[in-house]
Amino acid sequence: MAKYLKYTKNFYFVFTVLFITWMVFIDSNDIISHFKLRSKLNELEKQKEFYQERKEKIQIEREELLSNFELLEKFARERYLMKRKTEDLYVIKEE
């Protein structure tokens, strides 16, 4: 026991313990905050990958629609309920 009390009287030992305690628990950039930020970063990177894949898929569909007039007309009729002047449009909603 006396062996351990000898270390507590040493200034460098006490300073080191206080410094480590400060950096781990008290400081605004503590280890707990780093773990939380790291997990948030990983989550945001997954979202970034998802949206990049979705963006590529939409760009491919857009190029396909712009290159084919029949697909563009079909898309406009289904999505935006467009019609020709001589046609009647009936919207059926399923419940």
Side-chain angles (χ1 to χ4, degrees):
M1 188 70 172
K3 186 179 184 181
Y4 297 116
L5 290 175
K6 183 175 88 172
Y7 289 119
T8 59
K9 293 179 182 178
N10 186 348
F11 170 75
Y12 295 108
F13 178 77
V14 172
F15 180 76
T16 304
V17 169
L18 290 175
F19 179 74
I20 291 172
T21 305
W22 177 270
M23 293 305 291
V24 171
F25 298 110
I26 301 172
D27 191 38
S28 63
N29 296 321
D30 61 349
I31 292 181
I32 298 168
S33 297
H34 279 277
F35 285 127
K36 289 179 183 176
L37 290 174
R38 179 71 59 183
S39 66
K40 182 71 172 175
L41 178 65
N42 290 337
E43 180 183 330
L44 290 174
E45 286 177 351
K46 288 179 185 177
Q47 286 182 358
K48 179 182 174 184
E49 291 175 12
F50 169 75
Y51 285 118
Q52 284 179 341
E53 291 173 2
R54 187 170 177 194
K55 178 183 170 186
E56 291 173 4
K57 181 181 174 185
I58 290 172
Q59 286 177 343
I60 292 170
E61 290 176 358
R62 181 179 177 266
E63 290 296 324
E64 187 177 324
L65 282 175
L66 293 177
S67 64
N68 190 347
F69 181 74
E70 292 174 2
L71 283 175
L72 181 62
E73 183 179 358
K74 179 182 175 188
F75 179 79
R77 287 172 176 266
E78 291 176 357
R79 182 102 184 237
Y80 298 109
L81 305 175
M82 293 184 169
K83 64 180 184 83
R84 294 188 177 130
K85 291 182 180 180
T86 59
E87 297 177 335
D88 293 327
L89 181 66
Y90 299 101
V91 179
I92 301 173
K93 292 185 180 179
E94 295 181 16
E95 293 181 27

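Hydrophobic clustering places Phe19 together with Ile26 (ILVMFWY residues linked when any side-chain heavy atoms are closer than 4.5 Å, directly or through intermediates). A single hydrophobic cluster is seen to contain both Trp22 and Phe35, as judged by linkage of ILVMFWY side chains at heavy-atom distances under 4.5 Å, directly or through other members. Under a hydrophobic clustering in which Ile, Leu, Val, Met, Phe, Trp and Tyr are joined whenever their side-chain heavy atoms come within less than 4.5 Å, directly or via other members, Met82 and Leu65 fall into the same cluster. Under the 4.5 Å side-chain heavy-atom criterion for Ile, Leu, Val, Met, Phe, Trp and Tyr, Leu71 and Tyr80 are members of the same hydrophobic cluster. Residue Leu18 is not grouped with residue Met23 when hydrophobic side chains (ILVMFWY) are merged at heavy-atom distances under 4.5 angstrom, including chains of intermediate members.
Of the residues listed (Arg79, Lys83, Arg84), the one engaging Glu73 in a salt bridge (charged side-chain N to carboxylate O under 4.0 Å, His left out) is Arg84, and it is the only one.
The CD1 atom of Ile32 lies 6.5 Å from the CZ atom of Phe25; values are rounded to the nearest 0.5 Å. Atom CZ of Arg38 is separated from atom CG of Leu41 by 6.0 Å, given to the nearest 0.5 angstrom. Note that the CG atom of Leu44 and the NZ atom of Lys48 stand 10.5 Å from one another [nearest 0.5 Å].
A distance-only check finds no donor-acceptor pair linking the side chain of Ser33 to the backbone of Asn29 [under 3.5 Å].
Within a 6.0 Å radius of CD in Gln47, other residues, nucleotides and ligands contribute more than 12 heavy atoms.
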